[in-house]
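Everything on this sheet refers to the single structure shown next.
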Amino acid sequence: MALGFVLLGATLQATVGFGMALIAAPTLLLIYPDFVPGPLMAASMTLTLLVVWSERAHVDLRGMTFAALGRVAGTAVAATFLALASVALFDLAFGVLVVLGVVLSALRPNLAPTRTATAMAGLASGLMGTISAIGGPPMALVYQNAGAAQLRSTLAGFFVLGTTISVVALWGIGRFGVEEAWLALLLCPAMAGGFFLAGPLRRRVSDRAIRPLVLGLSLVAAALVLWRSLCCSGPWA
């Protein structure tokens with residue numbers, strides 16, 4: 001079941017540029033919580049490396065650099081939180097960030113990839129991605145008008161850098177080790193499968209057609225996580 005959700009999310013991300021974690025992370029947290037956030041993020045490197053290599057000519061290196069600087073700052077804040085948070089508080093923060101990611105994806109404000117915008121998006125992505133493995137929406141907002149190829153390739157390149165930073169931070173606070181590495185390896189085939197399935201879909205499936213489904217599923221999963229945190233154990237347990 002875990003591989004199925006990851007395959008679905010990876011196919012979505014390789015098609016439109018982001019969305020893998022919006023589908024996979026909330027679901028895995030509910031049924032296989034050990035996969036979130038470290039193993040899911042580490043496994044996503046398989047997908048992002050394949051995407052960035054296949055569309056490397058379209059990568060916005062300048063914007064990606066400023067976003068990476070912001071990602072470092074956001075990751076530092078998130079790592080501090082994770083080092084101190086209880087399981088229930090983590091669930092609460094995770095659910096809130098998933099809802100935030102969905103809201104940002106739905107609103108789609110008209111932004112351009114300026115230095116400031118990419119740096120701030122990188123900071124938000126580092127905070128959200130390190131805690132919940134969902135770091136795509138802030139960057140997707142900045143590049144939403146840049147064209148599909150540049151959106152996919154630049155986000156993929158940023159995710160390669162950002163995921164590396166976040167996984168190192170998780171390792172530094174004791175949240176990523178040998179066990180998490182093995183769990184990540186289990187998810188890698190689904191990540192690669194999603195990339196290859198997305199090839200023909202890019203020409204047939206529109207972002208507009210699948211966006212409502214992605215956002216709806218994400219909100220349902222986030223609501224379940226928040227309910228578990230608030231009603232079952234309390235946010236400060």
Side-chain angles (χ1 to χ4, degrees), residues 1-7 9-10 13 20-52 68-98 101 122-136 156-195 221-222 225 228-229 232-233 235-237:
M1 185 179 292
L3 291 178
F5 283 111
V6 172
L7 177 65
Q13 181 157 318
M20 183 278 296
L22 274 173
I23 288 180
T27 308
L28 290 179
L29 185 65
L30 288 169
I31 58 178
Y32 301 107
D34 289 345
F35 281 109
V36 183
L40 182 61
M41 279 197 295
S44 71
M45 291 285 283
T46 302
L47 174 64
T48 52
L49 285 170
L50 287 170
V51 172
V52 76
L69 294 175
R71 176 88 185 205
V72 172
T75 299
V77 174
T80 302
F81 169 81
L82 288 175
L84 302 174
S86 65
V87 173
L89 185 56
F90 169 78
D91 281 359
L92 179 61
F94 181 96
V96 170
L97 288 176
V98 172
L123 189 150
S125 180
L127 178 63
M128 295 172 62
T130 305
I131 292 175
S132 66
I134 300 174
F158 170 75
F159 290 152
V160 171
L161 296 174
T163 298
T164 301
I165 293 168
S166 292
V167 170
V168 169
L170 291 174
W171 171 80
I173 62 172
R175 295 288 293 267
F176 192 91
V178 175
E179 181 179 353
E180 287 77 16
W182 279 113
L183 290 174
L185 286 175
L186 292 176
L187 299 179
C188 286
M191 295 288 184
F195 171 78
V225 172
R228 184 178 74 175
S229 173
C232 297
S233 57
W236 311 108

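- In F35, the CZ atom is crowded: over 12 heavy atoms of neighbouring residues, nucleotides or ligands sit closer than 6.0 Å.
- Put simply, the residue from S132, P33, P37 that forms a side chain to side chain contact (heavy atoms under 4.5 Å, CB included) with F90 is P37.
- Looking at L123 and V72, their side chains never come closer than 4.5 Å, going by heavy atoms from C-beta outward.
- Considering only residues two or more places apart in sequence or on other chains, L3 meets the side chain to side chain contact (heavy atoms under 4.5 Å, CB included) condition with L187, A190.
- The heavy-atom pair separating A93 from F81 by the smallest distance is CB-CZ, 3.6 Å.
- Residues G193 and L7 approach most closely at C-CD1, 3.6 Å, considering heavy atoms.
- A donor-acceptor pair is defined here as one N or O able to donate and one able to accept, closer than 3.5 Å; such a pair exists between the side chain of E180 and the backbone of G177.
- F176 approaches P39 most closely through the heavy-atom pair CE1-N, 4.0 Å.
- The two residues I31 and M1 make their nearest non-hydrogen contact at CD1-SD, 3.7 Å.
- In this structure, CG on L127 lies 12.0 Å from CD1 on I134, to the nearest 0.5 angstrom.
- Residues A133 and A21 share a closest heavy-atom pair of O-CB, 2.9 Å.
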Which atom pairs, donor and acceptor, lie under 3.5 Å between side-chain atoms of residues 157-171 and protein residues at least two apart or in another chain?
| residue | atom | partner | partner atom | Å |
| --- | --- | --- | --- | --- |
| T163 | OG1 | F159 | O | 2.7 |
| T164 | OG1 | V160 | O | 2.8 |
| S166 | OG | R71 | NE | 3.4 |
| S166 | OG | R71 | NH2 | 2.8 |
| S166 | OG | T130 | OG1 | 2.8 |
| S166 | OG | G162 | O | 3.2 |

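- At least one side-chain heavy atom of L28 sits under 4.5 Å from a side-chain heavy atom of L40.
- Looking at heavy atoms from C-beta onward, M20 lies in side-chain contact with M191 at the 4.5 angstrom threshold.
- The two residues M41 and G129 make their nearest non-hydrogen contact at SD-O, 3.3 Å.
- Every side chain to side chain contact (heavy atoms under 4.5 Å, CB included) that V51 has, sequence neighbours left out, goes to A14, L47, E55, R152, A156, F195.
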